[in-house]
2 protein chains.
Amino acid sequence: MNNMAKTENTEFKIVEAATAVFVHKGFDGARMQEIADKAEINKAMVHYYFRTKQKLFERVFENVFEVVAERISSSLETSKSIEELLENITGTYFNVLAEKPYIPDFVIHELNRNPELIVHIIKTRGINQAKLSELIITEIQSRRLKPFDPVQIIVNVLALTIFPFAASSIIKGFIFEGDAGKYDKFVNERRQHIIDFVKSAIFKDQKT
Amino acid sequence: MNNMAKTENTEFKIVEAATAVFVHKGFDGARMQEIADKAEINKAMVHYYFRTKQKLFERVFENVFEVVAERISSSLETSKSIEELLENITGTYFNVLAEKPYIPDFVIHELNRNPELIVHIIKTRGINQAKLSELIITEIQSRRLKPFDPVQIIVNVLALTIFPFAASSIIKGFIFEGDAGKYDKFVNERRQHIIDFVKSAIFKDQKT
DNA sequence: AACTGGTTTAACCAAATAGTTAAATCGTAT
DNA sequence: ATACGATTTAACTATTTGGTTAAACCAGTT
């Protein structure tokens, strides 16, 4: 093993650069030359380390997805009650997406472009949706929650949390007519709003 | 004006074909040759009628967006109460998106790729969000609704309705593990679920 | 100092792709 | 029938793009 440090460094720089380009331009819009430029290396190096654009893309997608999945999963583990769970999921998504708001569009678009591949990539890192459903069902049976379908509730939380980031351009452009400040305020307030809104919807005893 | 019929027919065929290709592959993934093939004409014709890929794309985007905006707008006009409005918006989106489920990803992705252009295109066909907010504010003041921010409520309804279509691959792939039948059932039930869920969240007097 | 094996570079290649052009065709009005 | 302008086609071009190659360049090893 000789110049391992150099190797790992170059590989890292390529993945970093490739991530930046792929997430913003998508697979089709990304250019190997741009990735090389951003990594400040020769284009041949990109192929030397990853052979094809496809293979490099797969590595990038796995990375991006893993970061999100890990943080969500660990927040699921530590939650005991529905309230805590709701707050943890929403909070975690907000933290991740405030940092990397391009993720929803990236994941959704590439997933639609090539469902088989991406589903296969993600399957290995499944989020334990089962535990979530169980908790909700138990709470419904104990009559604390209204009898909504647990799956619908889960999708609702995801939708309420992720959509504003995916559609930020639409919201910015239309509802706030380009005023970035108003949009930021909206996003900040939204974290708590989602929690209040969902609780208000699912609990039988309400807290105005 | 001689062969106008032929002209309009060719132009129509091009737009139809271009729409199909653009919405599924995006601007970057679309190929002029594929559009020509699908329209069963020579590739030069596409350029003869639209000069550039960019111009053709703009025409397609305007069309796609107009169809949606028109149907949503007209459903807003005819609604008097909050309940009716909620049912109309949700129902209209469901009708449109069940037909054209690729629209959310298409619009979101192209909007993120080139916000200035697309926002400019859409601005001319603004949806009157003002009227919506007003109605909500009035209802909050008359104490029928809980005092949520009207803008948040509007975004919630959009999120709950649009997200499952944008993220259908994710939902299909993970939550239902590839079972298309379960997903269809889920979508069918969702139309009513959203209405119940939102009502349960925003109204002070609840109907379990 | 010469050898070795991984790393890096410049130059190159073949395919793909948006866009062009000039000639052919077609319908219509004279 | 013929002339005219719009439409259509086949062939072509320039450029971009993913990918390759062969030679140069290191950094340790002997």
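Residue numbers start from 1 in every chain, and the chains themselves are labelled A, B, ... in the order their sequence lines are given, proteins ahead of strands.
- Residue Q33(B) contributes atom CD, which lies 14 Å from atom C1' of dA15(C) at whole-angstrom precision.
- Within residues 36-48 of chain A, the residues that have a heavy atom under 4.0 Å from DNA chain C are, in order of number, N42(A), A44(A), M45(A), Y48(A).
- The distance from atom NZ of K25(A) to atom C1' of dT17(D) is 14 Å, rounded to the nearest whole Å.
- Contact between the side-chain N/O atoms of T10(A) and the OP1/OP2 oxygens of dT8(C) is found at a separation under 4.0 Å.
- In this structure, the side chain of E110(B) engages the main chain of F27(B) through a donor-acceptor pair within 3.5 Å.
- Distances shorter than 4.0 Å separate none of the side-chain N or O atoms of R31(B) from OP1 or OP2 on dA16(C).
- One N or O on the side chain of S75(B) and one on the backbone of I72(B) form a donor-acceptor pair closer than 3.5 Å.
- Look at CZ on R51(A): it is 14 Å from C1' on dT21(D), rounded to the nearest Å.
- Between the CG atom of L158(B) and the CD1 atom of I89(B) there is a distance of 7.0 Å, given to the nearest 0.5 Å.
- Remark: P of dT8(D) and CD of E11(B) are 11 Å apart, rounded to the nearest angstrom.
- In this entry the distance linking CD of Q54(A) with P of dT17(D) reads 18 Å, nearest Å.
- For the residue pair Q33(A)/D37(A), the side-chain donor-acceptor check at 3.5 Å is satisfied.
- Atom pair K53(A):NZ and dT17(D):P shows a separation of 9 Å (rounding to whole Å applied).
- A heavy-atom distance below 4.5 Å is not found between the side chains of F57(A) and K53(A).
- For R190(B) (side chain) and L160(B) (main-chain N/O), a donor-acceptor pair under 3.5 Å exists by modelled atom type.
- Taking atom CG of D28(A) as the reference point, atom P of dT17(C) lies 10 Å away to the nearest angstrom.
- Rounding to whole angstrom units, CZ of residue F27(A) and P of dT17(D) are separated by 14 Å.
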